[in-house]
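Down below is the structure, laid out as structure tokens.
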Amino acid sequence: MTPAPKPEILAAFEAAKGFMPTGEGLALYAAAVEAGRLGLPLLEVGTYCGRSTILLADAAREAGVTALTVDHHRGSEEQQPGWEYHDPETVDPELGVMDTLPTFRRTLHRAGLEEHMIALVGRSPQVAKIWNSPLALVFIDGGHTDEHATADYEGWAPHVAEGGLLVIHDVFPDPEDEFTGQAPYRVYLRALESGAFTEVSVTESLRVLKRTGSGV
């Protein structure tokens, strides 16, 4: 039977600010539970306000492992003022720049999951450079430019343990989705072409791959 979050966890996920549809969230949760059996940490790149983080934190709690989420909390390109995904509520009224960290902390607190998630506040490539431990799961859901998606992949995919999972969000093969999903799609293709990862499941724009070889 496919693992599913408890009703209160699913309700917290659906109430949280963010963009991940419920179907993709359930697939992410199932992947996180499976990966957690390796007894290694689960890591997310791209926290935003903590919607998907709720699911990873709960899966980590169930598995007895550590979950981490990496974000600078200043918003990605499409979340800046004037863009489609901008939310004025995430702007720091004193500084006039985005700051999603307070919203994220409230999200985790309301879900009762603060002690099950470590927030790493910083830019993904900088954190990846000093990371030296194997991971059971890496969930890439950060910036959607080639620069950022590629940096997230190159920084974190090498740390996915044998049998661990690489999960990529917003994979859109259609060229019409150039701004929102083509960079993640190109990273997804690169992972498959590397021979290091084998596709496990597809749920809407969410791809789950398992490490079955070396390299990236």
Side-chain angles (χ1 to χ4, degrees), residues 1-71 85 100 103-104 106-119 135-142 144 149 152 156-157 160-161 163-174 177 180-181 184-185 187-188 191-192 197-211:
M1 189 169 69
T2 303
K6 298 180 182 70
E8 61 269 24
I9 295 298
L10 184 59
F13 163 81
E14 292 179 331
K17 191 186 294 290
F19 309 103
M20 176 173 276
T22 298
E24 293 180 348
L26 293 174
L28 173 64
Y29 182 83
V33 169
E34 177 189 338
R37 297 185 184 123
L38 293 178
L40 297 169
L42 316 175
L43 184 138
E44 170 185 60
V45 180
T47 313
Y48 189 51
C49 296
R51 185 176 171 95
S52 56
T53 319
I54 288 172
L55 301 177
L56 291 182
D58 188 62
R61 174 172 63 180
E62 293 293 321
V65 299
T66 301
L68 308 100
T69 185
V70 182
D71 201 310
Y85 295 101
T100 55
T103 305
F104 160 71
R106 286 191 291 271
T107 298
L108 266 287
H109 180 78
R110 288 168 180 157
L113 292 167
E114 279 187 298
E115 65 184 89
H116 300 285
M117 174 60 67
I118 297 172
L135 298 164
L137 178 141
V138 167
F139 174 42
I140 296 179
D141 191 22
H144 288 65
D152 290 341
W156 293 106
V160 177
L165 299 178
L166 173 67
V167 184
I168 306 173
H169 193 217
D170 292 328
V171 174
F172 292 106
D174 192 328
D177 296 309
T180 56
Y185 175 61
V187 164
Y188 156 75
L192 290 178
F197 296 96
T198 303
E199 188 168 85
V200 173
S201 70
V202 174
T203 304
E204 299 171 43
S205 76
L206 191 83
R207 302 292 188 274
V208 179
L209 296 83
K210 178 175 285 189
R211 179 177 285 288

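Nothing here was measured: the structure is a model prediction, and the numbers come from that model. Scope of the values below: all heavy atoms of this structure, side chains included, with no hydrogens, waters or symmetry mates. Residue numbers count from 1 along this sequence.
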**Fill in**
d(M20 CE, D141 CG) to nearest 0.5 Å is 5.5 Å
**Request:** For residues R37 and V33, determine if any side-chain heavy atom of one lies less than 4.5 Å from a side-chain heavy atom of the other.
**Result:** yes
**Prompt:** Is it true that a side-chain atom of R211 and a backbone atom of G164 form a donor plus acceptor pair closer than 3.5 Å?
**Reply:** no
**Prompt:** From F104 CZ over to T69 OG1, what is the distance, rounded to the nearest 0.5 angstrom?
**Reply:** 5.5 Å
**Prompt:** Any idea which heavy atoms bring A67 and A60 closest together, and the distance?
**Reply:** CB-CB, 3.6 Å
**Asked** Side chain of T107, backbone of C49: donor and acceptor closer than 3.5 Å?
**Response** yes
**Request:** Go through the steps to decide whether T22 and L10 satisfy the test side-chain contact (heavy atoms from CB on, under 4.5 Å), and finish with yes or no.
**Result:** CA-CA 8 Å; T22 298; L10 184 59; 4.0 Å; yes
**Item:** Derivation and outcome, side-chain contact (heavy atoms from CB on, under 4.5 Å), residues V65 and L38
**Value:** CA-CA 9 Å; V65 299; L38 293 178; over 6 Å; no
**Request:** Work out which heavy atom in A30 is nearest to a heavy atom in P3; give both atom names and the distance.
**Result:** CB-O, 4.0 Å
**Request:** Can you measure from CD (E44) to CG (L135) and round to the nearest 0.5 angstrom?
**Result:** 13.0 Å
**Complete:** Correct closest heavy-atom pair for F197 and L192 would be O-CD2, 3.9 Å
**Message:** Quick one, T47 with T100, criterion side-chain contact (heavy atoms from CB on, under 4.5 Å). Give me CA distance, side-chain angles, the key distance, then yes/no.
**Reply:** CA-CA 9 Å; T47 313; T100 55; over 6 Å; no
**Prompt:** Heavy atoms, side chains only, cut-off 4.5 Å: are R51 and F13 in contact?
**Reply:** yes
**Item:** Side chain E24, main chain S205, donor-acceptor under 3.5 Å
**Value:** yes
**Prompt:** Is there a side-chain contact between L26 and P5 (heavy atoms, below 4.5 Å)?
**Reply:** yes
**Message:** Measuring from atom CG of L55 to atom CG of L42, what distance do you get when rounded to the nearest 0.5 angstrom?
**Reply:** 11.5 Å
**Message:** Which heavy atom of T203 sits nearest to which heavy atom of A27, and what is that distance?
**Reply:** OG1-CB, 3.4 Å
**Message:** Is there a side-chain contact between H144 and P184 in this structure, where contact means two heavy atoms from C-beta onward sitting under 4.5 Å apart?
**Reply:** yes
**Item:** Distance (rounded to the nearest 0.5 Å) between I118 CD1 and L68 CG
**Value:** 4.5 Å
**Message:** Are L56 and L137 packed together at the side-chain level, in the sense that at least one heavy-atom pair is separated by less than 4.5 angstrom?
**Reply:** yes
**Asked** Are F19 and Y48 near enough that their ring centres are under 6.0 Å apart?
**Response** yes
**Asked** Has the side chain of R61 got a donor or acceptor atom that lies under 3.5 Å from a matching backbone atom of H116?
**Response** no
**Message:** Testing the basics here: between A191 and L166, what is the closest heavy-atom pair and its distance to 0.1 Å?
**Reply:** CB-CD2, 4.0 Å
**Request:** Rounded to the nearest 0.5 Å, what's the gap from CG on L209 to CD1 on I140? Could you check?
**Result:** 10.0 Å
**Item:** For M117, the option from I54, D58, T53 that meets side chain to side chain contact (heavy atoms under 4.5 Å, CB included)
**Value:** T53
